[in-house]
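Below you'll find the structure, written out as structure tokens, and then a few comments.
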Amino acid sequence: MVDVAMSGPRGPKPKKAFSTRNIMLYGTLILVSVYYLLPLYVMIVTSLKGMPEIRLGNVFSPPLEITTAAWTKAWSEACTGINCDGLSRGFWNSVQILIPSVVLSIAVASVNGYALSHWKFKGSELFFTILIIGAFIPYQTMLYPIVILLREIGLMGDLGGLVLVHTVFGMPILTLLFRNYFTSIPEELFKAARVDGARFWGIYFRIMLPMALPIFVVAMILQVTGIWNDFLFGVIYTKPDTYPMTVQLNNIVNSVQGVKEYNVNMAATLLTGLVPLVIYFASGKLFVRGIAAGAVKG
Amino acid sequence: MSDHVSEQSAPAKRPVQLFRNMSAKIASIPMILTALVVFVGGTTWTVVHSFTSSRLLPKLDFVGLDQYERLWSTPRWLISIENLAIYGLCSMILTLTIGFTLAALLDRKIRFENTFRTIFLYPFALSFVVTGLAWQWILNPDFGLQQVVRDWGWESFAFDPLNNSKIVIFGILIAGIWQGSGLIMCIMLAGLRGIDEDIWKAARVDGIGTVKTYLRVIIPMMRPVFITSLVLIASGIIKLYDLVVAQTNGGPGISSEVPAKYVIEYMFRAQNLAQGFAASTMMLVSVVVILIPWAYLEFGGRKRG
């Protein structure tokens, strides 16, 4: 049965290492792990094989001859339509979308959250409630009005337009994140600064910002993975030349022309998944915190 | 402003005039614009235009419920709805079951907990496009899972969801669950960790078995966590789009179409705007139907803004 450990997951080891309970427990976990790891494994081995070896047939078998040709091709030669400069184009587009989107959305949302926590004004809670409810509205109902708005300000099809869209749709969850964090900062600190004569921006930059660095990291993880993985906004608000990586990837893999090169496809897929994966493995617990924050929205 | 700061009660500094607290109001302009113009304005605009006959360009010539009548007599929409219903129901049940079971297993004070959690959660970091393409390859009928099992000696084995319009939605379901269940596991695990150790002790003293304790005591206690998870899963289900586009692109034929895809194709490809608006309004309605009871459960008890 269960060991009585008062705190933390690392309780004392069960007495018998190979009890039925343990075999069942770890057996299930390992079996499930196989299901979760399988796609990653298959992607990696496929991308390292040559096409003849793939045609012979087994997606699970490790490559007999390891070749990185597929990776090179996916990065710099794969074709979408008439452009044959590979996924690198989409990668740089995504970088150009990502950086301003992350900076702008976090800057805007952190100031919003700050205003909502210590500088409430008449109606601020109402706007916040609308914002949070808005997070649940299907994007589809807002897609076309945004097309019109972007056209009006001349940013339709432009990377700048997509940056705005990401800022707008990142706002509910990020504002909530920052509002909750700033609310937890003691009121006394805020009041002391007020007494010392600090105003809205002074308190934000001198006190709140330095104290909120961890939450900024969480917000960054959330936004970088979210924006990098976006497909819908990319496909609607950009032109083929400025397609983000996910859209270009889909066009490369699902193009109907030419012979299917599964190894190139898988290399391209892995390349696109690499950025969020690196962030995931590097950030560890912070990633979990980010999604947990995303989970309690509303 | 004197120096007795600490004893002042919080709501004392609520401003009355328009120009008090001006910086905060200016700083909130992006939020106010987003809330009013994009969320309220955009949604209203779409709903209003769903009652028109707009095709290439939006225009305000109202035709009543025509678009909705057409929508509900279009096979493609009906298939989309059916797919979403199957996907939604299975995904809710399976994701909740898998998420909770994994969380419960990880909560049994096991070794390598972090490793297992990392493995279960990493798909969530990947995009739906990557997920869809990876599973498209694994489920490839000529080289994928089906062929491998046949090579192992089970000659008649047949599982080719991507070529078989009857089961294609389950092919998408496998990928969807792979991507999303880690998140629910994480939320459930956080919920389990929040349960008082004394509950377990009490259950042990009473001689209640582990499984029974979970079913009878722990799960009822975790009701809020389950509700949060359900809302998360549900809002993800309605958004289902990229995964289908990447994995099957609606095929074979139109057998794996989903509502979100219908909307986008009608708005941006078929240039039948109002039809797309009507479909997206239906999506909105379904969200409202889910959201209201939840908001009632969540906020009905305690007073919050």
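In what follows, every chain begins at residue 1, and chains take the letters A, B, ... in the order their sequences are listed.
A 4.5 Å side-chain heavy-atom check between Trp137(B) and Met43(A) finds every atom pair outside the cut-off. No side-chain heavy atom of Ile236(A) sits less than 4.5 Å from a side-chain heavy atom of Met267(B). A heavy-atom distance below 4.5 Å is not found between the side chains of Val59(A) and Ile138(B). Val168(A) has its side chain out of reach of Leu33(B): every pair of non-hydrogen atoms, C-beta onward, lies at least 4.5 Å apart. Here the side chains of Pro145(A) and Val38(B) are not in contact, with every heavy-atom distance at 4.5 Å or above. Side-chain contact between Val40(B) and Ile130(A) is present, with heavy atoms from C-beta onward closer than 4.5 Å. Using a 4.5 Å cut-off on side-chain heavy atoms (C-beta onward), Asn58(A) and Phe143(B) make no contact. Contact annotation: the side chain of Trp45(B) approaches that of Ile148(A) to within less than 4.5 Å [non-hydrogen atoms, C-beta and beyond].
Side-chain contact of Trp119(A) with Ser23(B): a donor-acceptor pair under 3.5 Å is absent, judged by distance alone. In this structure, a donor-acceptor pair under 3.5 Å is present between the side chains of Gln136(B) and Asn254(A).
Contact tally against chain B (heavy-atom pairs below 4.5 Å) for Phe60(A), Tyr204(A), Phe169(A): the top residue is Phe60(A). Listed options Val42(A), Leu56(A), Thr225(A) were ranked by heavy-atom pairs under 4.5 angstrom with chain B; first place goes to Val42(A). Across Val235(A), Thr269(A), Asn112(A), Val111(A), the residue that shares the most heavy-atom pairs under 4.5 angstrom with chain B is Asn112(A). Among the candidates Val148(B), Asn140(B), Ile184(B), the residue making the largest number of heavy-atom pairs closer than 4.5 Å to chain A is Val148(B). Contact count versus chain B (heavy atoms, under 4.5 Å) is highest, among Ile221(A), Ile279(A), Ile146(A), Leu131(A), for Leu131(A). Contact count against chain B (heavy-atom pairs under 4.5 Å) is highest for Pro138(A) among Pro138(A), Ala115(A), Ala109(A). Residue with the most contacts toward chain A among Ser181(B), Ala260(B), Cys186(B): Ala260(B) (heavy-atom pairs, distance under 4.5 Å).
Only the side chain of Trp135(B) comes within contact range of chain A, with at least one heavy atom under 4.5 Å from a heavy atom of that chain. Using a 4.5 Å cut-off between heavy atoms, Asp242(B) contacts chain A through both its backbone and its side chain. Interface remark: Leu243(B) contributes no atoms to any contact with chain A (heavy atom separation under 4.5 Å). Proximity to chain B is limited to the side chain of Val147(A), based on heavy atoms less than 4.5 angstrom apart. When heavy atoms are compared at a cutoff of 4.5 Å, Val47(B) does not approach chain A at all. When heavy atoms are compared at a cutoff of 4.5 Å, Tyr35(A) approaches chain B by way of both its backbone and its side chain. Heavy atoms of Leu284(B) lying under 4.5 Å from chain A belong to its backbone as well as its side chain. Looking at Phe120(B), the atoms closer than 4.5 Å to chain A (heavy atoms on both sides) sit in the backbone and in the side chain alike. Looking at Leu270(A), neither its backbone nor its side chain comes within 4.5 Å of chain B, counting heavy atoms on both sides. If you measure heavy-atom distances from Val253(A) to chain B, the contacts under 4.5 Å come from the side chain alone. Contacts between Val231(B) and chain A at a heavy-atom distance below 4.5 Å involve the side chain alone, from C-beta outward. For chain B, the nearby parts of Ile54(A) are the backbone and the side chain; heavy atoms of each come within less than 4.5 Å. Both the backbone and the side chain of Leu40(A) have a heavy atom closer than 4.5 Å to some heavy atom of chain B. Heavy atoms closer than 4.5 Å to chain B are found nowhere in Trp228(A), neither backbone nor side chain. For Ala190(B), no part lies near chain A; criterion is any non-hydrogen pair under 4.5 Å. Heavy atoms closer than 4.5 Å to chain B are found in the side chain of Pro172(A), but not in its backbone. Only the side chain of Pro123(B) has a heavy atom closer than 4.5 Å to any heavy atom of chain A. Contact of Thr28(A) with chain B is made through the side chain alone, with heavy-atom distances under 4.5 Å.
Nearest heavy-atom pair across Tyr280(A) and Thr118(B) is OH-O, 2.8 Å. Closest heavy-atom contact between Gly273(A) and Val130(B): N-CG2, 4.0 Å. Taking both residues in full, the closest heavy atoms of Asn250(A) and Ala246(B) are given as OD1-CA, 3.4 Å, listed atom of the first, atom of the second, then distance. Met283(B) and Gln140(A) get closest at one heavy-atom pair: CE-OE1, 3.6 Å. Residues Ala135(A) and Phe39(B) share a closest heavy-atom pair of N-CE1, 4.4 Å. Minimum interatomic distance between Thr141(A) and Thr281(B) (heavy atoms only, all atoms of both residues): CG2-N, 4.2 Å.
Between Tyr144(A) and Phe268(B), the ring planes lie tilted relative to each other; the angle falls in the 30° to 60° range.
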- Message: Would Thr46(B) and Met142(A) count as a side-chain contact (heavy atoms from CB on, under 4.5 Å) here? Give the steps.
- Response: CA-CA 7 Å; Thr46(B) 301; Met142(A) 295 177 272; 6.0 Å; no

- Message: side-chain contact (heavy atoms from CB on, under 4.5 Å), that's the test. Do Phe200(A) and Met22(B) meet it? Break it down for me.
- Response: CA-CA 9 Å; Phe200(A) 186 83; Met22(B) 204 55 208; over 6 Å; no

- Task: Please report the C-alpha distance between Ser280(B) and Tyr139(A) in whole Å, then the side-chain angles of each, then the deciding distance to 0.1 Å, and finally whether the side-chain contact (heavy atoms from CB on, under 4.5 Å) criterion is met.
- Result: CA-CA 9 Å; Ser280(B) 64; Tyr139(A) 296 142; over 6 Å; no

- Task: Decide side-chain contact (heavy atoms from CB on, under 4.5 Å) for Leu121(B) and Phe287(A); before the verdict, give the C-alpha distance in whole Å, the side-chain angles of both, and the deciding distance to 0.1 Å.
- Result: CA-CA 10 Å; Leu121(B) 189 59; Phe287(A) 183 89; 4.1 Å; yes

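Distance check: Ile137(A) CD1 to Ile238(B) CD1 gives 12.0 Å after rounding to the nearest 0.5 Å. The structure places CE of Met31(B) at 6.5 Å from OG of Ser124(A), a figure rounded to the nearest 0.5 Å. Here the OG-CG distance, from Ser127(B) to Asp230(A), works out to 9.5 Å after rounding to the nearest 0.5 Å. The CD1 atom of Ile110(B) sits 5.0 Å away from atom CG of Leu29(A), with the distance rounded to the nearest 0.5 Å.
Taking the six-membered ring for Trp and the full ring otherwise, Tyr36(A) and Tyr122(B) have centroids separated by 6.0 Å or more. With ring centers used as reference points, Phe128(B) lies 6.0 Å or more from Phe231(A).
With Asn229(A) contributing its side chain and Ala125(B) its backbone, the two residues share a donor-acceptor pair below 3.5 Å.
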